[in-house]
Amino acid sequence: MTTPHPKIAEIVRADGRYACEAYDFVLAAIEYTARALGRVPAEGATEDDPANHVSGRELLFGIRDFALREFGLMARTVFRMWGINGTADFGAIVFNLIEARVISKTPGDDRRDFHDVYDLDKELVRDYRIRLDELG
């Protein structure tokens, strides 16, 4: 994972629902998702370039994939420890990061983009599969 962003401690003091690690994970998941979608900023481009934007829905599926890659079957347990119980919690984390000016948003981004997109227990536990192409 990445080095913690200095503003995360401030965010957690203001809104203690989620662990610092949850914010670090979301920032890493944004990078992971952007890379997976081929939206890495070109040389000299700014991070605010709309061509590099990741939507809420795209981010949630990137979070799922990144969590399974990082934590495997323990992903759901890790999220619970961090205070995350549904996809809307990721929206709250993202918008806390936006309000702290750690990341930016486009005019079309909305907290509702994160509401009930998928069930964490289903995606991270019941549908968990070991992919043989990732083993080696």
Side-chain angles (χ1 to χ4, degrees):
M1 292 257 246
T2 60
T3 305
H5 193 282
K7 288 190 178 181
I8 290 176
E10 294 173 32
I11 296 169
V12 172
R13 274 194 296 279
D15 180 353
R17 291 178 292 171
Y18 311 107
C20 290
E21 294 86 354
Y23 289 92
D24 292 335
F25 176 83
V26 167
L27 290 173
I30 291 169
E31 291 178 32
Y32 172 88
T33 305
R35 271 194 313 277
L37 296 172
R39 298 191 190 146
V40 179
E43 189 72 32
T46 66
E47 291 181 9
D48 294 341
D49 186 343
N52 300 320
H53 179 69
V54 174
S55 73
R57 185 174 184 81
E58 290 170 331
L59 177 58
L60 285 171
F61 286 101
I63 284 171
R64 178 201 61 198
D65 296 346
F66 188 52
L68 290 170
R69 181 184 183 121
E70 292 291 306
F71 307 120
L73 194 52
M74 292 298 297
R76 185 66 188 104
T77 301
V78 170
F79 286 167
R80 277 193 190 102
M81 288 174 27
W82 292 345
I84 297 168
N85 296 301
T87 58
D89 289 314
F90 288 113
I93 290 168
V94 165
F95 276 83
N96 282 347
L97 290 166
I98 290 167
E99 289 166 13
R101 299 183 188 270
V102 175
I103 61 174
S104 60
K105 73 180 202 83
T106 63
D109 291 330
D110 192 290
R111 288 177 191 264
R112 292 175 296 205
D113 298 341
F114 294 88
H115 286 218
D116 298 322
V117 173
Y118 55 77
D119 179 272
L120 292 176
D121 290 324
K122 179 180 182 310
E123 294 290 322
L124 301 175
V125 179
R126 291 191 302 266
D127 289 351
Y128 181 80
R129 302 288 180 268
I130 295 173
R131 293 182 52 189
L132 296 177
D133 60 333
E134 290 181 1
L135 288 177

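For this chain, numbers begin at 1 and follow the sequence in order.
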- Please work out which of the three classes, parallel, tilted or perpendicular, describes the rings of Phe25 and Trp82, given edges at 30° and 60°. tilted
- Query: Do the side chain of Glu58 and the main chain of Ser55 share a donor and acceptor less than 3.5 angstrom apart?
  - Reply: yes
- Query: Taking atom NE2 of His53 and atom CG of Leu59, what is their separation to the nearest 0.5 Å?
  - Reply: 9.0 Å
- Message: Tell me the closest heavy-atom pair linking Thr33 and Gly62, and the distance in Å.
- Response: OG1-CA, 3.2 Å
- Nearest heavy-atom neighbours spanning Asp24 and Ile8: OD1-CD1, 3.0 Å
- Query: Taking atom CZ of Arg112 and atom NE2 of His115, what is their separation to the nearest 0.5 Å?
  - Reply: 8.5 Å
- Task: Check Ile84 against Ala22 and note the closest heavy-atom contact, atom names and distance.
- Result: CD1-CB, 3.9 Å
- Query: Testing Phe79, Phe114, Tyr32 for side chain to side chain contact (heavy atoms under 4.5 Å, CB included) with Ile63, which one passes?
  - Reply: Phe79
- Query: Can you pull the salt bridge (Lys or Arg N to Asp or Glu O under 4.0 Å) pairs that have at least one residue in residues 74-90, sequence neighbours excluded?
  - Reply: Arg76-Asp121, Arg80-Asp121
- Query: Crowded around Arg126 CZ? As in, over 12 foreign heavy atoms under 6.0 Å?
  - Reply: yes
- Look at the rings of Tyr118 and Phe61 and say which category their plane angle falls in: under 30° parallel, 30 to 60° tilted, over 60° perpendicular. tilted
- Is there a donor-acceptor pair under 3.5 Å between the side chain of Asp113 and the backbone N or O of Asp110? yes
Enumerate, atom names and distances included, each donor-acceptor pair closer than 3.5 Å involving a side-chain atom of residues 92-103, sequence neighbours excluded.
unit_1: Asn96; atom_1: ND2; unit_2: Asp15; atom_2: OD2; d: 3.0
unit_1: Asn96; atom_1: ND2; unit_2: Tyr23; atom_2: OH; d: 2.9
unit_1: Glu99; atom_1: OE2; unit_2: Arg111; atom_2: NH2; d: 2.8

- Approximate separation, where rounding is to 0.5 Å, of Phe90 CZ and Arg64 CZ: 12.0 Å
